[in-house]
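One structure below.
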Amino acid sequence: MIHLGENEKILMVLHRHWIVIVGKFVASAFLAILPIFAIPLVFASNIITVPESAGPIILFLSVIYLMILTMLLFIFWIDYYLDMWIITSERIIDIEQTGLFRRQISEFMLDKVQDITVEIPDMIATFLKYGNLHIQTAGETSFDIKQIHNVYEAKNIILDSAKQYSNKKYVGT
Amino acid sequence: MTFSFALILYFLFLVIYGFFVSAILWHIKEYTMAQDFSKWIIRAFLTIILFLGMLSLFLFFTLPFA
């Protein structure tokens, strides 16, 4: 998946905090149980007259609906799970999975790191211990790592590794 | 006639569904870093999908086409 250099080691793999996907799971669970309440209500309210023979058809369509919902949930989870940041001893790799078929990978070397800002954006983030990292690089672009767990540990690892990598590079030249 | 049309529609749905399941499994095989907790989630999803697929197949043949 990722080609590492000769002496390059993976130091940390970061995913977004699980709270990011909880909302989608809760919404899907609500949509999954919705037919259980909605179908009897429609039958009872006499809004539309449903023949008795429609029972198996409604049941079949409910199962198809659940299959589609499960698939959507699976795609949401893949989107969440394959979004990651890999900190190695030489670089930071940002892998952005969007949906099922779109994937973007970017990376920058650790010697480009100039400054790191840790941001804990709100009360929920404080309680659940996640936050954002804003990395200022030597180039014009900056780099954001959002909604990750162990934000302080990640910052320390990046700064230490950046220092070590720069020293190694300086000694090597 | 109705049965044949419904069967074609259902078969098409299963083919498209199967394509998406295969695509997801390919992504997992290709891009996951290590065998961590993800394998339990994948197993749970596959079990649910397989169960619902078999249930839909059973229900399809109980539909009153006449």
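What you see is a predicted model, and the numbers here were worked out from it, not measured in a lab. Quick note on labels: first sequence line is chain A, next is B, and so on, each numbered from 1.
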Original post:
Given the rule that I, L, V, M, F, W and Y join up when any side-chain heavy atoms are under 4.5 Å apart, are Leu11(A) and Leu14(A) in one cluster?
Top reply: yes
Original post:
Under a 4.5 Å heavy-atom cut-off, does chain B meet the side chain of Ile10(A), its backbone, both or neither?
Top reply: side chain
Subject >> Exceeds 12 heavy-atom contacts within 6.0 angstrom, atom CZ of Phe51(B) >> reply: no
Subject >> Cluster overlap Phe25(A) with Trp18(A), hydrophobic side-chain contacts below 4.5 Å >> reply: yes
**OP:** Identify which part of Ile78(A) has an atom lying under 4.5 Å from any heavy atom of chain B, answering side chain, backbone, both or neither.
**Re:** side chain
Original post:
Should we say atom CZ of Phe11(B) is surrounded by more than 12 heavy atoms from elsewhere, each under 6.0 Å from it?
Top reply: no
Original post:
Relative to chain A, which segment of Phe58(B) carries a heavy atom at a distance below 4.5 Å: side chain, backbone, both, or neither?
Top reply: neither
**OP:** Look up atom CZ in Phe20(B) and atom CE in Met67(A), then write down how far apart they are to the nearest 0.5 Å.
**Re:** 13.0 Å
Subject >> Separation of Ile57(A) CD1 from Thr62(B) OG1 (nearest 0.5 Å) >> reply: 9.5 Å
**OP:** State, to 0.1 Å, how close Ile48(B) and Thr70(A) come at their nearest heavy-atom pair, and which atoms those are.
**Re:** CG2-CG2, 3.9 Å
Subject >> CG-CZ distance between Leu63(B) and Phe60(A), expressed to the nearest 0.5 angstrom >> reply: 6.0 Å
Original post:
Atom CZ of Arg103(A) and atom OH of Tyr31(B): how far apart are they, to the nearest 0.5 Å?
Top reply: 5.0 Å
Subject >> Spacing of Ile42(B) atom CD1 and Tyr81(A) atom OH [to the nearest 0.5 Å] >> reply: 7.0 Å
Subject >> Portion of Leu66(A) that has a non-hydrogen atom of chain B nearer than 4.5 angstrom >> reply: both
Original post:
Does Met71(A) belong to the same Ile/Leu/Val/Met/Phe/Trp/Tyr cluster as Leu69(A), with side-chain heavy atoms less than 4.5 Å apart forming each link?
Top reply: no
Subject >> Pairs of heavy atoms under 4.5 Å with chain B: top-ranked of Leu59(A), Val63(A), Leu61(A), Val13(A) >> reply: Val63(A)
Original post:
Considering residues, nucleotides and ligands other than Leu46(B), do more than 12 of their heavy atoms fall under 6.0 Å from its CG?
Top reply: yes
Original post:
Going hydrophobic residue to hydrophobic residue with side-chain gaps under 4.5 angstrom, can you get from Ile41(B) over to Val26(A)?
Top reply: yes
Subject >> Leu14(B) portion near chain A, given a 4.5 angstrom heavy-atom threshold >> reply: side chain
**OP:** Give a yes or no on this: more than 12 heavy atoms of other residues, nucleotides or ligands lie within 6.0 Å of atom CZ of Phe13(B).
**Re:** yes
**OP:** Decide if atom CZ of Phe101(A) counts as having more than 12 heavy atoms of other residues, nucleotides or ligands within a radius under 6.0 Å.
**Re:** yes
Subject >> Aromatic ring pairing Phe45(B)/Phe74(A), orientation class (parallel under 30°, perpendicular over 60°, tilted between) >> reply: parallel
